[in-house]
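First comes the structure, then the notes that go with it.
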Amino acid sequence: MENNTQSLFAAQALESPCALAAALAPHAAAGHFDELRGRVSEGPAPVETAAPAQPALRAAGSTAETAAPPPETRASDDSLSPDWTRFFNFLGADGFYDLNHRTANLRRQIRDNGVTYNVYADANGPQRPWALDLFPMMVSAGDWAQIETGIQQRARLLDRVMADIYGPQELLSKGLLPSALVHAHPGYLRGMQGVQPAGGTYLHIAAFDIAHGPDGRWSVVSQRTQAPSGLGYLLENRLTISLLFPEAFREMKVERLAASYKALVDGLKAMSPADGSEESRVVLLTPGPYNETYFEHAYLARFLGLTLVEGSDLLVRDDKLYLKTLRGLEPVHGLLKRLDDEFLDPLELRSDSTLGVPGLLQVIRAGNVLVVNTPGSAFLESSALLGFLPALSEHLLGETLALPSLATWWCGEQAVLQDVLGQLKNCVIKPTYPGSGMESVMGHTLSRRALDEWAGRIVRRGEDYTVQAYLPLPQTPTWQGERISPRSAMLRVFAVADGKGSWQVLPGGLARLAGKNENMSSMQHGGSSADVWVLGDASAAKAAVPRAEQPSPAWATAPLRHRPPVTSRAAENLFWLGRYTERAENSTRLAQITLQCLGGEDQTSQPLLAWLSSMAVGNALVLDTVPPATQARRVFERALIANLADTEQAASVGFNLRALKSAASAVRERLSQEQWHMIVRTEADFFQRCAVFSSVGQSQSQSQGGQGQSQYLLEYSSVEALRALESASGFLSAMTGAQTDRMTRDDGWRLLSVGRLIERLNTLAGALARGFETGSVFEEGGFNAMVALFDSTITFHAQYQQRRDIPALLDLLVLDRDNPRSLGWVVQTLRGRLAKLAGSAPGDMPELAMELPDPGSWVLADLCAGMQAGDGDQGDEGDEDCRQHDGRLVQMLEQCCDAALDLSDTLSRRYFSHAASGSQSLGA
């Protein structure tokens, strides 16, 4: 509901921040609870949702507590709730003028931190930024006390229900729960029947969607137990919003979140089946970077200190779960899963799943791994179960539910069915079981004919449908430019296990906001989110613990350093991240040099053009079907420019940048936010710049202005292409610096470095070999181009001034081990990285390094043997003596290329594929 309120900048006459906020904020829609004002909104009374009569056994499904009574007399003034009054007072009247600036900062931080939610995960498509509103959602201390008690009770109840269903099944035999809601549910796993989970707890994380009803009371609308999402996003929301409103956050004593996350990890490790001789290892299992919530998986793994793994990182051997690492197989004791149960084990569940681990269920049955949550909990998510929980609570816990559910009826019973059919107009129709493809249907949006059609479907297959009372969601204030606009909101809160039979509720949650004029909060349908502030009770001062009785802080004792393992998958992606970074740098530099030479003083030199053509084809800057520059220089130039951003046919600069980002996304938990932002920004900037001269190229093909205009457009495209390449080169330099100075020197980083060095050795050795084969290095233009490709121009001029002789070239580009671009430095450093990677004893050279040539055996006289004397400064196309050599140098350079490629294959077999790990593993 949007009202035409006065402009923010016309409200200067208002005296207080609260009055200004009230003037900028329209009331919530009629019948909805107004979070800003703390009461139901004025207007026509909401549609009655009185519950139909229920059979005695099912009466708990619609208790008097859940039926919303008519709202009490509503206030007619615009006064805000006490909590929002305090918030706006801390903001101050002047602070309203800064809200747009804070919103811009919020969006910038979300973008810079790379927070995404992929509504449609696409390998080549843009990732959707996470939607976060500026204002938090407030929960008072009194409301939170009620929520916390009710959620803890429900976590205990659901755990007891699951223990019974996979144990004695007394609830089914006594008729307290219909068998169809369990055995007919695809989430019930018969393979888990009779299994006692490691640690004795079935549910370690449970999420509950709750909302304020029109009467101001909280009700549970749904619950999630399989792999509830939101724990990472709500933490990112908190870190972002608390920085934007620091004074309000501090003075309103907002409850902190970190302790609950620590309690979760400590509880998992304590309940895991690790014996006393080894440290408990808990990993986080993700479906992979194309999942819509992958950002959260990487974020959580980094924050909780867990290793992020995919199914291919794990294997089963002797009824135990192992992690494939660079150091071999390491046992896994706990698994925090972020994928649905059906994908966990292709041997017993979905055979087409490539996301899980073959044999995992057998490991669980053997009690050798703790899985969070225990597979088989999906039946608890059925909306139909909500109607039976009050009676189940009385039976299992001997307690009345402290936090009621929204009135819910399962249509699989005839007595319920007949009463519900007449109430469809005031209810929501939901599927009982997942996988039907049906979405929730709101009865008040249907015509009479559509209601009759739905009634017919329910009569025919009543067990497939669940009917729930319609709840007008509460509306919380959001900032929309110059006004405050109400949006419907649902609050998701989390219970986490901190020990056997013990749960604590995260003091906050994830508020999901619906779009304008909508009553459905869903991130998949384009909704947004808000931080949730649980406010401290200012009147209840907490007693401080005397200093003498306070426990010693964790930092007071010497910490035990734990170096997390590097999984084989992460190692492979880091290896290719290094290779694609180096490849992108080399292709960018080569494209720059080529365009500069094609338009420079030496554009008629046939050896130089031959070398440029050979290098461009060898590095996939142009296709091999393009005429070489020696035959059609302008055609070759146009093809090179057109292919820069091509990711389909040519593997040019754009292809390498996109591949670089893909490899980085798979190891995002190992990269800083700054690194990831740099990678994303580099790719986006390059493709944006290329779009400029791509449109020019299209205009060129359609132009009728003759050769003169065509030549002008080509020159324009060449200039713009060089600018795009220059910008990309700057970004790549910053990226290289981050890889060098901002990453821990573990085996993962060593493989990243090895990948870069392999790529550098292969590219530069190949370039130098082609330079001698084509004779381009014997001419001034080719000589300078070679030095530039090795990024050694400044160094060469400083050491050799204006000399252009081959010995000087080879001394700097091959032998000088102080030059990080020389082949000698590359091979020497590569050997050192491999020695540490293989864990060799000091002074010993590992077998891997022995496969590389020894730069200590390279002698300048030998490299120059067979070359005819000549003045490089005077060499030209007719001076054959200056280009003669006996081939030994080229042979040595080709050996360097072969050694680099062979090393890549050897590393893949040894560390990534574990080809020698044995044949007993189910995961091999």
Please enumerate all residues that pass side chain to side chain contact (heavy atoms under 4.5 Å, CB included) together with [X], with sequence neighbours excluded.
| X | value |
| --- | --- |
| Thr829 | Leu757, Trp825, Arg833 |
| Val282 | Leu268, Lys269, Ser280, Leu306 |
| Thr682 | Leu657, Met678, Phe731, Met735 |
| Thr736 | Thr581, Glu585, Thr740, Arg756 |

Run the ring-ring contact (aromatic ring centres under 6.0 Å, His included) test against [X] and tell me which residues pass, sequence neighbours left out.
| X | answer |
| --- | --- |
| Phe686 | none |
| Tyr580 | Trp576 |
| Phe575 | Phe912 |
| Phe655 | none |

Does [X] have any side chain to side chain donor-acceptor pair (under 3.5 Å) partners at least two apart in sequence or in another chain, and if so, which?
| X | result |
| --- | --- |
| Asp685 | Arg689, Ser727 |
| Ser652 | none |
| Gln828 | Arg817 |

Task: Arg658 NZ/CZ over Phe687 ring centroid, <6.0 Å and within 45° of normal - done: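 Checked: cation-pi criterion met.
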
- [ ] May I ask you to decide if Ser904's main-chain N or O and Ser908's side chain share a donor-acceptor pair within less than 3.5 Å?
- [x]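 Checked: no pair found.
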
Pair up each side-chain donor or acceptor in residues 891-898 with any protein partner under 3.5 Å, not counting sequence neighbours, and list the distances.
none

